[in-house]
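See structure below.
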Amino acid sequence: MTLPRTWIDWGGHRWLALLARLYLGGLFLWAAVHKIADPAAFALDVATYQFLPLAAINAFALVLPWVEVLAGVMLVAGLRVRSAALLVALMMAAFLVALGHALHLGLDLSCGCFASGGAEADPISWRTLVRDGAWLLLALYVLAVDRRPLGVERWGKDS
Amino acid sequence: MQAETPRSIVRDALLACGVAVALAAGLNATRTDALPWVAPREYQVLVPCPEVAGEAAVLTPDDPALADLLSPSHAGGRTLVIDARGQEAFAAWHVPGARSVPYDYLAPTPPETVSAILASGATRVVVVGDGDDPDSGRELARELAGKGLKNVAWLKGGAPALKAAAEGRRP
């Protein structure tokens with residue numbers, strides 16, 4: 001990371017990053033619930049993107065929600081925060097590519113982000129793309145600056 | 001705690017992915033409706049196709065421009081009438097000289113059909129549909145306009161309205 005040391009070392013980052021972590025962590029935990037509850041519906045959502053090969057759809061639908069859960073827990077708890085932020089950033093980047101692909105094709109489908117059950121439940125749009133882009137920036141911010149994160153990992157180690 | 005390095009950040013992220021795979025496998029194995037890790041067959045996804053819809057003018061059955069369409073001598077004129085209804089409805093009644101191009105709501109009109117319309121030499125295309133809501137004529141006219149055909153119109157009320165007009169009464 002080649003950001004200026006003085007900027008990275010600013011003490012306020014850990015508090016701003018904590019807010020970002022709680023927001024992103026809560027978001028990912030919430031997003032994982034419906035996917036774990038009904039993996040078949042989520043697999044169908046994934047299939048409608050027409051992005052992944054058939055052989056990868058179910059495995060992706062089964063594993064992704066648990067990556068979201070673990071990343072969410074790690075962000076909220078302050079455990080290996082930058083690894084969690086890296087996971088979130090990679091997921092958001094992947095979602096952005098898939099979303100852009102679907103929007104480019106003009107597909108009218110469910111995002112699959114927070115609900116399953118068709119485009120009416122959770123439709124994709126260019127707004128979804130902007131929203132995901134903002135979340136990607138938040139994750140990158142945490143990854144870049146949260147080097148002494150507040151949370152269980154540093155419990156009692158900071159004054 | 002050791003200082004984080006890019007390598008340790010990536011390593012811990014991969015470790016979390018490994019745990020996620022184990023959790024996913026564990027929970028899935030306990031489900032009565034377990035999802036197979038590889039889908040046995042293609043998913044049947046019904047996603048509305050990207051519509052290439054253009055603008056098509058709308059005509060009414062009493063439009064003077066349509067007056068000569070119903071005459072038997074119309075066939076071969078400069079206006080091409082396309083009937084968007086199914087083959088059966090077309091066989092039951094159609095405008096003299098009309099060409100049958102049944103509109104399919106789920107599949108685009110074949111390129112060769114569009115090419116044949118372009119090659120017809122007509123200067124105007126009037127699409128007659130079923131008059132329903134949505135009207136197959138309107139949909140086909142918009143699709144053809146979106147595919148580059150100029151001077152495309154559709155008939156409001158479709159074939160039933162046109163037939164009624166031909167019989168000298170309103171539907």
Side-chain angles (χ1 to χ4, degrees), chain A residues 1 32 35-36 38-50 52-71 73-74 79-90 102-110 118-119 143 146-149 153-154 157, chain B residues 1-55 104-109 134 139 142-148:
Chain A
M1 211 58 75
K35 296 168 187 160
I36 290 174
D38 192 351
F42 179 53
L44 185 59
D45 282 336
V46 174
T48 55
Y49 274 88
Q50 302 173 25
L52 286 178
L54 180 66
I57 290 172
N58 282 12
F60 181 83
L62 285 167
V63 173
L64 179 85
W66 286 103
V67 178
E68 291 182 335
V69 166
L70 288 173
V73 168
M74 289 158 75
L79 188 68
R80 301 294 175 191
V81 161
R82 295 178 73 199
S83 297
L86 175 64
L87 284 174
V88 170
L90 290 175
L103 289 170
H104 175 69
L105 292 179
L107 302 180
D108 180 19
L109 48 83
S110 163
L143 176 62
D146 205 9
R147 301 183 180 215
R148 289 190 307 129
E153 204 167 338
R154 298 190 65 83
K157 294 181 180 175
Chain B
M1 188 180 72
Q2 287 182 328
E4 281 183 317
T5 62
R7 181 187 286 254
S8 71
I9 292 170
V10 172
R11 181 201 62 209
D12 291 342
L14 289 173
L15 198 63
C17 290
V19 174
V21 171
L23 287 169
L27 181 68
N28 196 47
T30 63
R31 283 181 186 273
T32 51
D33 57 343
L35 191 68
W37 282 80
V38 176
R41 69 188 73 82
E42 202 73 44
Y43 277 95
Q44 295 297 312
V45 292
L46 183 61
V47 177
C49 296
E51 289 182 14
V52 189
E55 287 301 316
D104 188 335
Y105 280 90
L106 296 178
T109 303
E139 299 305 313
R142 291 181 70 222
E143 184 189 352
L144 294 176
K147 288 182 171 171

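The shortest side-chain heavy-atom distance between A:Leu64 and A:Phe42 falls under the 4.5 Å cut-off. With a 4.5 Å cut-off on side-chain heavy atoms, A:Asn58 and B:Trp37 do not count as touching. The closest side-chain heavy-atom distance from B:Leu35 to A:Leu62 is below 4.5 Å.
For B:Asn28, the part lying under 4.5 angstrom from a heavy atom of chain A is the side chain only. Contacts of B:Arg31 with chain A are made by side-chain atoms alone, with heavy-atom separations under 4.5 Å and no backbone atom involved. Contact of B:Leu27 with chain A is made through the side chain alone, with heavy-atom distances under 4.5 Å.
Taking chain B as the reference chain and counting heavy-atom pairs below 4.5 Å, the highest number among A:Val63, A:Leu54, A:Leu90, A:Leu44 is found for A:Leu54. For the set A:Ala61, A:Pro65, A:Ala55, A:Ala84, the count of heavy-atom pairs under 4.5 angstrom toward chain B peaks at A:Ala55.
Remark: side-chain polar atoms of B:Glu55 are not paired, donor with acceptor, to backbone N or O of B:Arg142 under 3.5 angstrom.
Checked against side-chain contact (heavy atoms from CB on, under 4.5 Å), B:Ile9 has the following partners two or more places apart in sequence or in another chain: A:Arg82, A:Ser83, A:Leu86, A:Leu143, B:Glu4.
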